[in-house]
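Chain naming here is simple, since letters A, B, ... match the order of the sequence lines and numbering starts at 1 in each.
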Protein chains: 2
Amino acid sequence: MDIRVQKTFEALFALEDIREMLRQSLPGTGLADTEGFNGQIQHIRSVLDDLEAGTGVPKIEKIGGTLGIRSREEEYVNIQPIQAAGRLTPEARKALIAYGDGYSTCDSCRKPFRLDKISKPPIADFHQELAAFLNMDAARVVPGARRGFQAVASSLVKPEDPVIVSSLAHYTEFLAVEAAGGVVREVPLNEKNIVTADATADKIEAVIAETGKTPALIMIDHFDYQLANEHDVAGIGKVAKQYDIPFLYNGAYTVGVMPVDGKKIGADFIVGSGHKSMASPAPSGVLATTDEWAETIFRTTQMKGDLTNRKFGVKEVEMLGCTLMGCTLMAMIASFPTVKERTLNWDEELRKSNLLIDRMLEIEGSAVVSEYPRKHALSKVDTTGSFDVVAKAHKRRGFFFSDELSKRGIVGEFAGATRAWKLSTYGLSWEKVNYLADSLQEIAEKYELKVNRDNL
Amino acid sequence: MDIRVQKTFEALFALEDIREMLRQSLPGTGLADTEGFNGQIQHIRSVLDDLEAGTGVPKIEKIGGTLGIRSREEEYVNIQPIQAAGRLTPEARKALIAYGDGYSTCDSCRKPFRLDKISKPPIADFHQELAAFLNMDAARVVPGARRGFQAVASSLVKPEDPVIVSSLAHYTEFLAVEAAGGVVREVPLNEKNIVTADATADKIEAVIAETGKTPALIMIDHFDYQLANEHDVAGIGKVAKQYDIPFLYNGAYTVGVMPVDGKKIGADFIVGSGHKSMASPAPSGVLATTDEWAETIFRTTQMKGDLTNRKFGVKEVEMLGCTLMGCTLMAMIASFPTVKERTLNWDEELRKSNLLIDRMLEIEGSAVVSEYPRKHALSKVDTTGSFDVVAKAHKRRGFFFSDELSKRGIVGEFAGATRAWKLSTYGLSWEKVNYLADSLQEIAEKYELKVNRDNL
């Protein structure tokens, strides 16, 4: 590990040990162990000296005896397709530090005792802002986008009900429908691997003709997880209205990276992922809806104890009461100003994405499987005609490519894959994107693949 | 805020800013902004000087512009009833620092692509250890105990099915049954506010007689959330076997603080809470079961795309695939060695709990609502005859008590409550427990309540 990275973690961890001394002390009586405290301060000073000089002996620490330090983001250019937009902001990391303890959000929980009503810290305000950010009427945080799908499917889908999904639907949509007892029906892709409004309408008609039932729900990913192609969600929103079928917009790859306007799209539900696209820790996500649907999805409990007559008033059934009662939510809130701001820079992210793809395509034999030009930072490329040719003849097979990337400080490709694979440029600086593109071409040339510079 | 606490956070946050500089730099090329870096190191040195001296000007920082620093654990003795055992270990805090980014657990996710199968970091091992720790056959992590109830209820409870719960059942059990379409039926308490095996058997008989249906599930809290009384879970386990009804042991208040042996109890399911009792961030929890039930609760998806024929093999329906894909899980793992160890010191925690209650009872007019002697660190007390008498005549009403506690660095009581209220001594040092007891008696004497020292 880079010594500066190592020393940064050493200093952070040493400060957590200081913090523990403060925690163990009695209020107002000063430190229990002044000598230990001063010794620890001295230790941190020496770690800082090392950090500044970039020298010193790394003191490898396994957290809790088993967990190594994760330094992927400090030491590498990370192109892992699903990690990019879930990377924390410094603010989110500070919130994790300050709010890590279990029920840390609940210090000032008062009647009616529900997470989204807490005003200190400003959780209630955040819920308002979140709904406004998506141009929806109400929002809740959930432990991952999948829990948003589950809440909606569980509310709307009865056993055997058909649910319209994309042929590129994420597996968690399948599971949410399955848990509710429904059946997925996939809309075919067009020749460009896009889900269109017409194809959705045709599928609805086919399902009605076959089953006699109008689908209970339409769930469509704005950008899918396989190719990150853009699907016609606004058109599908119109179709949904025509058939009077509720429409769930899956924004796992959009909410938090690009502007999303629920009303404009015609979405009845918007689901987003905190750890995928909102610079938040896992598990976190958002479920937003309209006034029309809020009472259904966020319905409060009606269950009554037969003996005690207990009822739990405002607790929402699908949320199971409260959801993210600690640092996951606080980190989401801490990242939110940055997240809002960054959605306005989506065009620049697309320019970076396209630059990388263009330079990849200059490597002869390479292709892009996703739609092109790119409308997303995540792309699927096909290097069967380039890097895979090298892999076939290399004793390390596809791992030669991982080795070469890793030597250059690049990680996140699927190790060993040299045919179709995915990467994301999201959130990388121009400098890093150029470095990444240069590195790919350098590796190509090292193995005598032809690079048609400026060919495009 | 105490200046040392303030400066500790300042140093931690400043190091996160250093870390961000490392993140922004290109691999292997050194720091982009050496000057900024060196300046930041200097800044941290001066913060350390202040920290050591316990002086300096607090630089108030609102994280992300809105979130204050939470220093409840550093500055106060926290007696909040549900926060005590969810307080993080230093190891968990270090894990949050190192693994905060979204999908941080997924760097080495390989076939079959499921969280509990990941071996680096040792997540698969942790799952084995977790099952063994509870003497069960299989375990999964879930986003909170409530999500464990939900998974079991959703698997076993059909519409209108009766489910046996305690008259002190937590509301999340009600919601889980409601979401599945079932109906709760409460077992009455005996004169000591305990759920017994006989009463459970009687309730089962009554439900069968009334509905003609054998209950689909029994969910009983080992210690309930209202009084933290111990209920006869082992006896109820036997009754469950006799009636062949699956039995869910709710260990939200036990798993992680005292030894729990699922086989001995006769539990088919054990649910625990990470943020309540396992020194873990929210939302986190555990759901464990036996080989007999694992295939039901952890059943894998059978849903197939009608067009693509896609199936998602090993993904578990009730888990919705993966659950805690980031730092919540890593913090649980980091705390786990400490958590395992501390369950062996439960007796000492009970001695602390009883010491506090005994000293509280020395304040004339005070009573304990929970069973006594205490078998748990969480207790409900009744100070209607002591502190509430003062409150009635005080211009701040019940808040006089909060004020007095707060002055002494004690927080976590329900603000303004002077009749029945709850507190927990869990995890407090003897020194803090004595300090707490002294403080309560001091407050009593200040307001001329009689304290019968050593009366008990």
In terms of heavy-atom pairs under 4.5 Å with chain B, the winner among A:R87, A:E91, A:E73 is A:E73
Residue from A:F149, A:Y99, A:Y103 scoring the most non-hydrogen pairs under 4.5 Å with chain B is A:Y103
Interatomic distance, OG1@A:T8 vs CD1@B:I18, rounded to 0.5 Å, equals 6.0 Å
Rounding to 0.5 Å, atoms CZ (A:R23) and NZ (B:K432) come to a distance of 9.0 Å
Whatever's closer than 4.5 Å to a heavy atom in chain A on B:A85 counts as neither
Checked B:N38, B:I82, B:L324 vs chain A; the most non-hydrogen pairs under 4.5 Å come from B:I82
Correct closest heavy-atom pair for B:P27 and A:G409 would be CG-O, 3.5 Å
On a heavy-atom basis, the closest approach of A:I63 and B:A334 is CG2-CB, 3.8 Å
The interface call for A:C109 against chain B, heavy-atom contacts under 4.5 Å, is backbone
Given the rule in the side-chain contact (heavy atoms from CB on, under 4.5 Å) test, do A:T323 and B:R146 qualify, once you have shown the distances and angles that lead to the verdict?
CA-CA 9 Å; A:T323 54; B:R146 59 197 75 201; over 6 Å; no
So, the part of B:S167 with a heavy atom under 4.5 Å from chain A: the answer is both
Comparing A:L96, A:V317, A:V184, A:L67 against chain B, the one with the most heavy-atom pairs below 4.5 Å turns out to be A:L67
- pair B:T105-A:R70: side-chain heavy atoms closer than 4.5 Å: no
Honestly, the part of B:E75 sitting under 4.5 Å from a heavy atom of chain A is backbone
Looking only at heavy atoms, the pair that brings B:G102 and A:L88 closest together is N-CD2, 4.4 Å
Residue from B:S277, B:G326, B:G64, B:P283 scoring the most non-hydrogen pairs under 4.5 Å with chain A is B:P283
Okay, B:F174 and chain A: the region with an atom under 4.5 Å from a heavy atom over there is both
Bottom line for B:F414: the part with an atom under 4.5 Å from chain A's heavy atoms is side chain
Of the listed B:G54, B:A92, B:S104, B:A11, the one with the largest count of heavy-atom pairs under 4.5 Å with chain A is B:S104
Bottom line for A:I410: the part with an atom under 4.5 Å from chain B's heavy atoms is neither
Notebook entry, point to check: Between A:P188 and B:T308, is any pair of side-chain heavy atoms under 4.5 Å apart?
Noted result: no
Whatever's closer than 4.5 Å to a heavy atom in chain A on B:V187 counts as backbone
With the threshold set at 4.0 Å, does a side-chain nitrogen-carboxylate oxygen contact exist between B:D101 and A:R72?
no
In this structure, CD of B:E173 is separated from CZ of A:F312 (nearest 0.5 Å) by 9.5 Å
If one checks every heavy atom of B:F13 against chain A at 4.5 Å, the contacting part turns out to be both
Whatever's closer than 4.5 Å to a heavy atom in chain A on B:K276 counts as both
Of the listed A:T172, A:I44, A:D2, A:I69, the one with the largest count of heavy-atom pairs under 4.5 Å with chain B is A:I44
Counting heavy-atom pairs under 4.5 Å with chain B, the top scorer among A:M21, A:Q40, A:K203, A:Q42 is A:K203
Minimal heavy-atom distance between B:L175 and A:G321, with the atoms involved, is CD1-N, 3.3 Å
Here the pair of heavy atoms bringing B:P143 nearest to A:R147 is CD-NH2, 3.7 Å
Comparing B:D306, B:L22, B:L12, B:N78 against chain A, the one with the most heavy-atom pairs below 4.5 Å turns out to be B:D306
On a heavy-atom basis, the closest approach of B:A176 and A:L320 is N-CD2, 3.9 Å
Bottom line for B:R299: the part with an atom under 4.5 Å from chain A's heavy atoms is neither
Honestly, the part of A:T66 sitting under 4.5 Å from a heavy atom of chain B is both
Turns out that what part of B:D107 lies under 4.5 Å from chain A's heavy atoms comes down to both
Turns out that what part of B:S439 lies under 4.5 Å from chain A's heavy atoms comes down to neither
Rounded to the nearest 0.5 angstrom, the NZ-NZ distance for A:K94 and B:K62 is 14.5 Å
Bottom line for A:Y171: the part with an atom under 4.5 Å from chain B's heavy atoms is both
Turns out that what part of B:N309 lies under 4.5 Å from chain A's heavy atoms comes down to backbone
Counting heavy-atom pairs under 4.5 angstrom with chain A, the leader among B:L168, B:L329, B:L189 is B:L168
request  = May I ask you to decide if B:A415's main-chain N or O and A:R110's side chain share a donor-acceptor pair within less than 3.5 Å?
outcome  = no
A:E178 with B:K315: basic N within carboxylate O range, under 4.0 Å:
no
Turns out that what part of B:F37 lies under 4.5 Å from chain A's heavy atoms comes down to side chain
Sorted by chain and residue number, the salt bridge (charged side-chain N to carboxylate O under 4.0 Å, His left out) partners of B:R93 (sequence neighbours excluded) come out as A:E16, A:E20
Honestly, the part of A:A279 sitting under 4.5 Å from a heavy atom of chain B is neither
Whatever's closer than 4.5 Å to a heavy atom in chain B on A:D49 counts as both
Whatever's closer than 4.5 Å to a heavy atom in chain A on B:S25 counts as backbone
Looking only at B:Q80, B:Q24, B:R185, the option with the highest number of non-hydrogen pairs under 4.5 Å against chain A is B:R185
One should read off an interatomic distance between A:H275 NE2 and B:T328 OG1, to the nearest 0.5 angstrom, of 9.5 Å
When rounded to the nearest 0.5 Å, the distance separating OG of B:S71 from CZ of A:R19 is 9.5 Å
Looking only at A:P121, A:A179, A:G305, the option with the highest number of non-hydrogen pairs under 4.5 Å against chain B is A:G305
